[in-house]
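Just so we're on the same page: letters track the sequence lines, and every chain starts at 1.
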Number of protein chains: 2
Amino acid sequence: MSEKKSDHLSQLRNMPLFLKLPDAALGMLEGILVVRSFHKGENIFTEGSASAGFYIVIKGRVKVFKLSAEGKEQILHIVGSRELLGAVSAFAGSPYPAHADAMEKTTAFFLPRKDFLALIQKEPTVVMNMMANLSMRLQHFTRMIEDLSLKEVPGRLAAYLLYLHERTGRGDIVEIDISKGQLASLLGTIPETLSRILRKMSEKGLLKVSGRRIRLLNRKALQYIVNGEKTGL
Amino acid sequence: MSEKKSDHLSQLRNMPLFLKLPDAALGMLEGILVVRSFHKGENIFTEGSASAGFYIVIKGRVKVFKLSAEGKEQILHIVGSRELLGAVSAFAGSPYPAHADAMEKTTAFFLPRKDFLALIQKEPTVVMNMMANLSMRLQHFTRMIEDLSLKEVPGRLAAYLLYLHERTGRGDIVEIDISKGQLASLLGTIPETLSRILRKMSEKGLLKVSGRRIRLLNRKALQYIVNGEKTGL
DNA sequence: TTAATTTTTTGACATAGGTCAAGGATATCC
DNA sequence: GGATATCCTTGACCTATGTCAAAAAATTAA
């Protein structure tokens with residue numbers, strides 16, 4: 001799992017978590033961080049297991065998810081490059097509250113909990129940066145709870161597509177960067193339901209699906225759906 | 001709204017947020033904090049409005065909630081004595097992400113955003129304490145998402161009752177401290193559904209309801225329901 | 001206490017979305 | 001590049017839970 005890390009270290013000082021960190025501290029980090037790689041589908045940690053430390057993803061993507069008794073999965077979030085994985089547990093000393101699996105070949109720095117704790121004692125800026133990170137996560141979860149309990153699946157899907165369009169859309173095309181099954185799990189539903197809703201939206205002329213490429217033909221109508229307008233989907 | 005504060009200041013040094021704070025800083029806080037009171041049902045802040053600062057609840061309870069287009073409410077959490085309200089927004093400088101209403105007559109300290117920012121610059125321990133707070137909130141939201149998307153209403157109710165029993169139960173009695181309508185909103189459902197499920201649980205001999213007092217007659221069975229066992233409710 | 005208001009319960013009903021099973025389409029791997 | 005595994009779609013069906021309306025109960029006010 002462990003491999004050479006020199007290639008990645010240059011990125012360190014640009015990581016949100018280490019912004020404004022003095023060079024001395026960065027140098028210390030270099031000696032501590034361990035590079036770990038995970039192949040596609042590999043489990044990184046499991047819900048309930050003790051936190052040994054946390055990860056900073058360098059390359060690849062990791063899904064953080066919960067499992068129901070029957071095996072249905074709910075993705076909490078997808079962690080990509082330069083993002084933190086398991087930091088809250090490492091900070092609080094609590095067990096990991098969810099599972100984490102690599103969605104593709106993934107490389108990450110691992111920072112042992114005790115070194116992390118020592119670092120934040122010495123460097124308040126790290127805590128500040130981490131607070132900013134947690135704040136964003138909290139906002140994200142707030143919206144997720146709102147969506148799950150107050151919106152129906154078409155609304156959640158429409159919101160996701162419009163969000164994706166805003167961030168990465170070219171013209172009226174969005175490219176979903178995960179499989180439809182995983183998207184279903186992210187939206188709190190199942191593949192069958194997602195598939196049916198996409199078909200109905202196509203029939204209504206709201207969008208056009210070609211594999212993972214979706215053309216948004218009527219963004220205004222999609223926004224109405226997000227807002228809870230009944231459109232007989 | 002503003003009133004005398006001397007009575008409450010003694011509590012300051014025991015607040016989780018200000019633990020280990022030097023006396024000098026505490027003294028400064030005394031000059032800055034404003035006491036505000038809200039009557040039952042009064043709105044404290046509204047989703048989307050700019051954060052002017054945050055509150056530390058002294059007495060009373062506040063519900064933080066989202067509203068759907070049709071007016072259905074989802075309670076995110078209930079903030080009680082010594083707890084923080086709106087701290088994330090004050091830190092991040094983002095608008096309040098939800099509504100907050102006093103559930104009963106409530107008194108709170110208000111700390112203006114700029115003073116808060118100055119404080120955390122000077123006092124890293126405050127940031128540390130706040131991180132601990134955010135971590136717990138994040139865990140709470142994580143479980144909420146899990147429950148909403150992977151559990152059915154009986155499971156969420158059973159989990160809540162067992163949680164309440166663990167925290168405050170005397171013998172096999174738990175006292176729900178909010179109205180059933182509010183409990184429904186906290187569980188992500190509506191009063192009618194909650195009422196029906198309580199009746200079914202009573203018929204099955206799992207519990208006995210007398211107003212807000214509930215006697216848990218079969219905690220093991222309730223736990224099975226939390227775990228997703230099908231029990232034909 | 002009585003009246004007025006709010007909360008809770010119940011019934012009849014509607015429906016979003018989950019389950020199960022099967023076929024078709026894609027992607028992945030030697 | 002063909003075989004194999006995985007993913008996606010579709011249909012028939014079922015069930016949990018929401019909607020609407022009204023009665024009953026409980027709380028608050030006068």
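Evaluation of the ring pair (Phe, Tyr, Trp, His ring centres under 6.0 Å) rule for A:Tyr96 yields A:Phe45 as partners, not counting sequence neighbours. By the salt bridge (charged side-chain N to carboxylate O under 4.0 Å, His left out) test, B:Arg143 pairs with no residue at all, sequence neighbours left out. Remark: A:Asp172 pairs with A:Arg215 by the side-chain hydrogen bond (donor to acceptor under 3.5 Å, both in side chains) rule, at least two apart or across chains. Taking A:Glu83 as the reference, nothing meets the salt bridge (charged side-chain N to carboxylate O under 4.0 Å, His left out) condition, with sequence neighbours excluded. With sequence neighbours excluded, the residues that form a salt bridge (charged side-chain N to carboxylate O under 4.0 Å, His left out) with B:Lys66 are A:Glu146, B:Glu47. Applying the salt bridge (charged side-chain N to carboxylate O under 4.0 Å, His left out) test to A:Arg212 and every residue at least two apart in sequence or in another chain returns nothing.
Rounded to whole angstrom, the span from the CG atom of A:Asp147 across to the P atom of C:dA16 amounts to 18 Å. In this structure, the CG atom of B:Leu198 is 13 Å from the P atom of D:dT17, given to the nearest Å. Rounded to an integer number of Å, the gap from NZ of A:Lys200 to P of C:dT15 is 12 Å. Taking atom CZ on B:Arg196 and atom C1' on D:dA21, their separation rounds to 12 Å, with Å as the unit. Distance, B:Leu194 CG to D:dG18 P: 11 Å, rounded to whole Å. Atom pair B:Leu157:CG and D:dA16:C1' shows a separation of 15 Å (rounding to whole Å applied).
Proximity of A:Ser195 to the phosphate of D:dC8: no side-chain N or O atom is located under 4.0 Å from OP1 or OP2. The shortest distance between the side-chain N/O atoms of A:Arg199 and the OP1/OP2 oxygens of D:dT10 is below 4.0 Å.
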With the criterion being N/O to N/O and under 3.5 Å, what pairs connect the protein with nucleotides 24-30 of chain D, and how long is each?
none

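You'll find that the side chain of A:Ser179 is closest to D:dC7, out of C:dG18, D:dG18, D:dC7.
Applying the salt bridge (Lys or Arg N to Asp or Glu O under 4.0 Å) definition to pairs two or more places apart or across chains, those involving residues 148-162 of chain B are B:Asp147-B:Lys151. Counting only residues at least two apart or on different chains, the ring pair (Phe, Tyr, Trp, His ring centres under 6.0 Å) pairs with a member in residues 137-173 of chain B are B:His77-B:Phe141. Applying the ring pair (Phe, Tyr, Trp, His ring centres under 6.0 Å) test to every pair with at least one member in residues 179-224 of chain A, sequence neighbours left out, gives no pairs at all.
Ion pairing of B:Lys63 with B:Glu73 is present here, as a side-chain N (NZ or NE/NH1/NH2) and a carboxylate O approach within less than 4.0 Å.
Distance alone, capped at 3.5 Å, is enough to place a donor-acceptor pair between the B:Thr106 side chain and the B:Glu104 backbone.
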Dot-bracket for DNA chain C, 5' to 3', Watson-Crick and G-U pairs with both distances under 3.5 Å, [ ] for crossing pairs, | for partner on another strand, reads ||||||||||||||||||||||..||||||
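Contacts between residues 180-192 of chain B and DNA chain C, defined by a heavy-atom separation under 4.0 Å, are made by B:Lys180, B:Gly181, B:Glu192.
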